[in-house]
Amino acid sequence: MNRVLITSAIPYINGIKHLGNLVGSQLPADLYARYNRGRGREVMFICATDEHGTPAELAAAKAGKPVDEFCSEMHEVQADIANRFRLSFDNFGRSSSVQNRKLTQHFAGKLADNGYIEEVSEKQVYSNADGRFLPDRYIEGECPNCGYDGARGDQCENCTKQLDPTDLINPRSAISGSTDLEVRETKHLYLRQSKLKDALDAWIDTKADWPVLTTSIAKKWLHDGDGLQDRGITRDLKWGVPVKRGDADWPGMEGKVFYVWFDAPIEYIAATAELADEKGEGSAFWERWWRTDKGAEDVRYVQFMGKDNVPFHTLSFPATIMGSKEPWKLVDYIKSFNYLNYDGGQFSTSKGRGIFMDQALEILPSDYWRWWLLSHAPENSDSEFTWENFQVSVNKDLSDVLGNFVSRVTKFCRSKFSEDVPAGGEYGEVEAALIADITAKVRAYESHMEAMDVRKSAQELRGIWVAGNEYLQAAAPWTVYKTDPDQAAAQIRLALNLIRLYAVLSAPFIPDASKVMLEAMGTTDDSWPDDVPAALGLLKEGHAFTVPENVFAKISDEDREGWQERFAGIRD
RNA sequence: CGCGGGGUAGAGCAGCGGUAGCUCACCAGCCUCAUAAGCUGGAGGUCGCGGGUUCAAAUCCCGCCCCCGCAACCA
């Protein structure tokens, strides 16, 4: 496994994402990408903005901009924030790209050729005032069940009864409020997933190592009720990939576009192709990641996503690939996450509740957020963000355990010796014990990272930091120095090497701090410690270093209280 | 009987057949190099409730209660 393809669920374009979105896909994907690069593997890490669909059109209209312009701007905003969170995408693409348009049309054509597309006539609500068909959720009216007036066409929020838009009493457009609605006949393409049910089922059965969350959601959709249902993959919209059968027009489908959920996962492939084009490379550049007949058979493909995305990645997208009967790369492992809650409730994009990525970076550097979010990733159940927990965890782990270690070692050396790695003395039993301990812990850390056990990895890494403090306590160079300065020099030499080791191991979690630590140690050698004893002898006597200013400043009670108040309400 | 996830020390979590663990908070001690940081030890749990299987159950089975999410064209 020397080549790893990593994709993060692609964030929707209509706004800045909150920390719950971040921790469920992009951030753990970045952790894994950085780790694999650190191990010397070839990595392709792909993300993009998901730009099509009704919500994008409405958000653009609200902003008073043409939808393509709106998406371009929002893409730049999201790309900038991702960059500032140090999300190390090889490409952050756009689902509205030419490459995606072509691939999406190509897949649809192949699916049709192979008998996996069906044309279905159906009735949908059309709003004359809005000049468009309305998705169920954009129709409001009085609930026939409980009388609640704000019921939506898909479900009544008040009594939770599932509805059909035609059930509503006095229906109106949620967009304009117009009651000038009519039911119109319209023709759409359906992906015949039901024909692939057995193949999908058998495929999922081979994935015994996947998280329960992933397989249980997939199984539920496969077996619940009438089993896997066919799915409409076209819409009566303007903004999207025009429906075509490969390069050819699709009679009867004029003016329609593919449904976002059809083209969004294909963007994973397209974004890699976008990168090839940007680099002026040919198709071989991206096909070796995506075509098993063109070099991708030895690629390990891992996807990261929140639980709400699982059905599309375990069923719809694989159905698209299988149905094409072409040798596209299927996912090897799906890492899914539960939800992160905010202070007793859900983060909510639509309600503006919680902390959004841009706001987070306004108040603290990305490493603080990365550490907390990853070390509390909602892997086994939903988890919760509270300001108290955030303050305590970050202060303890980053400032006290790691930052202070760097500080005490470098400052001691500067005051007793100099800002060079001191010469003299030899490693003894205590040092041998430490090296053995660190070696075991590094191996454990690696195996947790390989397994994508995010919280366990964070715990193990913290344990490695703690081991340094334990060593200092046991060795007590400040005491040894009084009687045997050479021995103290050897101890500090080891401790300085620990700082470099910590920088390398910690980089996937806290890349900026790692960089600061490496720079302070005056080295650019960030090679992975396959040989821990050797790695701990890398900085030799006389090697110059500097004392970094507080690697992690603490979060004060005043800060925390201020933020708590600032983020208690709803974003404007 | 809709489906799934979860209910383990004050808080947040791990363990998932063999004498109940981790982090934080709390108490005591040690160190004094360091970001009032570090290290060691301690107190604290009838592992949601009730049955059952077993030499042995937090861990397997049955029933019940509670919390969260999902319930397919909203991404």
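Numbered from 1 within each chain, the chains take letters A, B, ... in sequence-line order.
Side-chain proximity of A:His376 to B:rG12, B:rC74, B:rA34: nearest is B:rG12. Minimum atom distance to the side chain of A:Glu470 is reached by B:rU40, of the listed B:rU40, B:rA37, B:rU35. The A:Tyr339 side chain lies nearest to B:rG69 when the options are B:rA75, B:rG69, B:rA72. The listed nucleotides are B:rC73, B:rC33, B:rA75; the one nearest the side chain of A:Tyr190 is B:rC73. Here the nucleotide nearest the side chain of A:Lys396, chosen from B:rU35, B:rC74, B:rC24, is B:rC24. When the nucleotides B:rU35, B:rA25, B:rG12 are ranked by their closest atom to the side chain of A:Asn389, B:rG12 comes out on top. Side-chain proximity of A:Tyr259 to B:rU32, B:rU35, B:rC73: nearest is B:rC73. Of the candidates B:rU40, B:rC30, B:rC74, B:rC30 carries the atom nearest the A:Gln473 side chain, counting heavy atoms from C-beta on. Distance from the side chain of A:Lys456 is smallest for B:rA14 among the nucleotides B:rA75, B:rA72, B:rA14.
A:Gln459 places its CD atom 8 Å from the C1' atom of B:rC13, with the value rounded to the nearest Å. In this structure, A:Asp397 places its CG atom 10 Å from P of B:rG38, rounding to the nearest Å. Across the protein-nucleic acid pair, A:Glu379 atom CD and B:rA14 atom P stand 9 Å apart, rounded to whole Å. Atom CG in A:Asn338 sits roughly 11 Å away from atom P in B:rC13 (whole-Å rounding). Distance, A:Trp478 CH2 to B:rA37 C1': 11 Å, rounded to whole Å.
In this entry B:rG10 has B:rC24 as its Watson-Crick or G-U wobble partner, both defining distances falling under 3.5 Å. Of the nucleotides present, B:rG29 is the one that pairs with B:rC39 by Watson-Crick or G-U wobble criteria, both distances under 3.5 Å. When Watson-Crick and G-U wobble pairs are counted only if both distances are under 3.5 Å, B:rG69 pairs with B:rC3. Pair check for B:rU54 finds none; no Watson-Crick or G-U wobble contact set falls under 3.5 Å.
Contacts of A:Pro477 with the nucleic acid, taken as non-hydrogen atoms under 4.0 Å apart, are absent. Counting non-hydrogen atoms under 4.0 angstrom, A:Arg455 reaches the backbone sugars and phosphates but no base. Nucleic acid contact for A:Val551: base, since at least one base atom lies under 4.0 Å from a heavy atom of the residue.
Counting distance only, with no hydrogens placed and no angle test, the side-chain atoms of A:Asp400 and the base atoms of B:rA37 include no donor-acceptor pair under 3.5 Å.
Distance check: A:Asp420 CG to A:Cys413 SG gives 8.0 Å after rounding to the nearest 0.5 Å.
Counting only N and O atoms by type, the side chains of A:Ser95 and A:Asn100 include no donor and acceptor under 3.5 Å apart. In the model, A:Ser407 has no side-chain atom that pairs as donor or acceptor with a side-chain atom of A:Asn404 under 3.5 Å.
A residue-by-residue look at A:Ala467 and A:Ser415 shows that A:Ser415 has its nearest nucleotide of RNA chain B further toward the 5' end. A residue-by-residue look at A:Ile10 and A:Lys416 shows that A:Lys416 has its nearest nucleotide of RNA chain B further toward the 5' end.
Remark: ring of A:Phe412 does not overlap the six-membered base ring of B:rC33 in a stacked fashion, as centroids less than 5.5 Å apart with planes less than 30° apart are not both met.
Two residues are said to be in side-chain contact when any heavy atoms from C-beta on lie closer than 4.5 Å; A:Leu539 and A:Arg493 fail this criterion.
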Handout entry: Step-by-step ring-ring contact (aromatic ring centres under 6.0 Å, His included) determination, A:Phe92 to A:His75
Key = CA-CA 9 Å; A:Phe92 186 61; A:His75 175 81; 5.0 Å; yes
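Of the options A:Tyr471, A:Phe552, A:Tyr502, A:Trp465, a ring pair (Phe, Tyr, Trp, His ring centres under 6.0 Å) to A:Phe405 is made by A:Tyr502 and by none of the others.
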